[in-house]
Amino acid sequence: MGSDPSQSTVQSKSLQNPRRGDGSAAVHPLNPSSAPPSASPFASIDEYRPFRKWTSWLVPAFVVANVIVFIVTMYVNDCPKRSDRCVARFLGRFSFQRLKENPLFGPSSSTLSKMGALDVDKVVHQHQGWRLVTCMWLHAGVVHVLANMLGLLFIGIRLEKEFGFVRIGLLYVISGFGGSLLSALFIKSSISVGASGALFGLLGGMLSELIINWTIYANKFAALTTLVLIIVINLAVGILPHVDNFAHIGGFISGFLLGFIFLIRPQFGWIRQKYVPPGYRRPSNKPKHKLYQYVLWVVSVLLLIAGFTVGLVLLFRGFNANKHCSWCHYLSCVPTSKWSCKQQLVSCSANHTDAQLFLTCDDGGRTGTYPYLGNMTENAYATLCAQLCS
C-alpha cells in the first residue's frame, strides 16, 4: 500500500509544441510580417496554464482524521481495564491488546465493532448500513494505520494537486464505500476495518485517468506498465491471511470507473482556442472531449449505478456470494504450506436473562456480558464468541 505511485507520473505534451502533422491546431498571426513564423503566440502570456494546479489540503486532513479516530479508538478500548496482559502498559489506557489477539498493535475486535467496524450481521439484521462508511475510518492497529496513511499521502496528494479536493474527495469516499460493499457480500463471519478500499480506489482512478486522457500524455506505455505493476503487487499482498482483499478489489473497481467520470481532461486543441492572443487567427473549433471519452464516461456512470444498486439490494436480502462462487474465496486468501486460510474454530457456552447475554469461551473460560436481543441470529452469536475467545 505504500508503493510510490509517482513513478507512474507522466508529463503532458507541451501546448507550445504540437505533435508533428497536427497543423490544424497551430495558431498563426493575421499579419505574418508582424511576427516571425516560428514565434509562439503564447510565449509572452505569463498566465498560460493548460491545467490548474491545486493546493493539497483535503488528503492531509483525511490523514489527520484517521489518526485522531485511531487515538479515540484506543482511548475507548482501555485495555488495562479489562485485561492484565496488555502490551506497552506504560501507555495506560492507550496500551495495546496482547499480540495473540491483535498482532498489529491495536484495540480489541469488540472495541472496533463498537466504534463502527463493518459487521455484516449488524448491517443486515440491525439496519446499521452506516457501517459501510464508518469502517473505512477505523484501523486495526498502529501498523495498519501507518501503512495506509503513508499510501494515502503518496497517492492522494499528487492526485489532489492535479484534480482538486472535490473530485479526489468524492473518489476516495465512494471507492471506500464500494470496497465495503463487495467485502460485505463475501466476508460474513468477521469484522472489517481500514482505508485500503479507498486507497485502491485512488490507484484505480490513476489507471483510468491515464486511459481516458491517453492522447495528451507522453511516455504513456512506460507509465501504464509501471502503474499496472504497482497495482498487481498490492493486490497480490491481499492473498495473505487476515487481509480483506475483497475490499481492495471493490475499491479498485469503483475507483477505476469513477476515474472515467471525475478525472477526464479536455483536449489540448480545445484549450488552445481559449489562449489565442489578440491579432492572431483562431484555429478551427475543436471539441472539448473526444468521442471515446464520452463513451467511457457514460458506460462508467451506468455500471456504477447498476453495481451499487444490485449490491445493496443483495446485501440487505442477506445474500452470501460465497455460495454462488466456489472459487472466489481464493481472491482474498490462498492457502500455502506456510499459512492456512481457515478461521480458527471457537465455541462458547451461552445463557441469558431478559436484558443480558452471558458467554463463556470453552477454550480458556473467558467470560463476557453483552446486551441481549431476543432476535439475535446464529451469526451474531458466532461473532461475539469469536471476539471473546480471540
Side-chain angles (χ1 to χ4, degrees), residues 70 72-89 91-128 131 134-135 138-142 144 183-184 186-194 241-244 318 320 322 329 332-333 335 339-390:
F70 179 72
V72 172
T73 302
M74 293 306 303
Y75 180 85
V76 172
N77 186 65
D78 194 7
C79 180
K81 184 178 180 180
R82 295 181 293 177
S83 174
D84 57 355
R85 291 181 289 179
C86 301
V87 176
R89 290 186 64 87
L91 295 174
R93 67 183 300 150
F94 294 97
S95 57
F96 312 118
Q97 299 296 127
R98 55 179 181 154
L99 296 183
K100 182 180 179 181
E101 179 180 351
N102 186 342
L104 299 178
F105 298 95
S108 66
S109 55
S110 59
T111 298
L112 289 171
S113 181
K114 182 191 302 183
M115 294 292 293
L118 179 58
D119 185 329
V120 176
D121 186 76
K122 292 181 178 179
V123 171
V124 176
H125 300 288
Q126 299 181 31
H127 309 291
Q128 297 180 6
R131 290 179 178 270
T134 56
C135 66
L138 295 167
H139 288 84
V142 173
H144 193 200
S183 174
F186 283 95
I187 307 296
K188 301 293 184 179
S189 58
S190 60
I191 64 172
S192 179
V193 295
H242 311 299
V243 177
D244 184 2
N320 187 345
N322 294 295
H329 62 278
S332 189
C333 184
W339 65 73
S340 172
C341 296
K342 294 182 179 179
Q343 294 186 352
Q344 183 179 3
L345 296 177
V346 294
S347 60
C348 296
S349 302
N351 53 73
H352 63 84
T353 64
D354 291 340
Q356 291 183 310
L357 170 67
F358 304 96
L359 292 180
T360 302
C361 182
D362 293 338
D363 181 16
R366 192 175 181 181
T367 61
T369 304
Y370 308 90
Y372 177 69
L373 302 175
N375 59 346
M376 289 184 68
T377 64
E378 185 176 338
N379 282 341
Y381 280 110
T383 300
L384 291 176
C385 181
Q387 294 172 0
L388 179 64
C389 299
S390 60

- Message: Using 0.5 Å steps for rounding, measure from the CG atom of Asp78 to the OG atom of Ser83.
- Response: 11.0 Å

- Item | Set of side-chain hydrogen bond (donor to acceptor under 3.5 Å, both in side chains) partners for Gln128, sequence neighbours left out | Gln126, Arg131

- Those residues at least two apart in sequence (or on a different chain) that pass side-chain contact (heavy atoms from CB on, under 4.5 Å) with Leu91 are Ala88, Phe94, Ser95, Phe96

- Minimum heavy-atom distance between Cys135 and Leu118, given as atom pair plus value: CB-N, 3.5 Å

- Note on the structure: Separation between SG (Cys86) and CG (Leu99), nearest 0.5 Å, reads 11.0 Å

- Query: Listed by chain and number, what are the ring-ring contact (aromatic ring centres under 6.0 Å, His included) partners of Phe70, not counting sequence neighbours?
  - Reply: none

- Query: Ala117 and Val193: which non-hydrogen atoms are nearest, and at how many Å?
  - Reply: CB-CG1, 3.3 Å

- Item | Flag if over 12 foreign heavy atoms under 6.0 Å of CZ, Phe186 | yes

- Query: What closest approach, in Å, do Glu101 and Ser109 show between heavy atoms, and which atom pair accounts for it?
  - Reply: OE2-N, 4.4 Å

- Query: How long is the gap from CZ on Arg89 to SG on Cys79, to the nearest 0.5 Å?
  - Reply: 7.0 Å

- Item | Residue list, side-chain hydrogen bond (donor to acceptor under 3.5 Å, both in side chains) with His144, at least two apart or on another chain | Asn148

- Query: Are the side chains of Val120 and Ile187 in touch, meaning some heavy atoms are under 4.5 Å apart?
  - Reply: no

- How would you list, by chain and number, every residue that makes a side-chain hydrogen bond (donor to acceptor under 3.5 Å, both in side chains) with Thr73, sequence neighbours excluded? none

- Query: Roughly how far, to the nearest 0.5 Å, is the CG atom of Leu357 from the CG atom of Asn351?
  - Reply: 7.5 Å

- Calculate, to the nearest 0.5 Å, the distance between atoms NZ and CZ belonging to Lys100 and Arg85 respectively. 8.0 Å

- Just jot down the ring-ring contact (aromatic ring centres under 6.0 Å, His included) partners of Phe358, sequence neighbours excluded, or say none. none

- Main-chain N/O of Ala140 paired with Asn102 side-chain donor or acceptor, under 3.5 Å: yes

- Message: My understanding is that only residues two or more places apart in sequence, or in another chain, count here; which of them pass side-chain hydrogen bond (donor to acceptor under 3.5 Å, both in side chains) with Asn77?
- Response: Arg82, Gln97, Ser108, Thr111

- Message: Could you check whether any side-chain heavy atom of Ser113 comes within less than 4.5 Å of a side-chain heavy atom of Lys122, counting everything from C-beta outward?
- Response: yes

- Task: Determine whether Val72 and Met115 make a side-chain contact, defined as any pair of heavy atoms from C-beta on separated by less than 4.5 Å.
- Result: yes

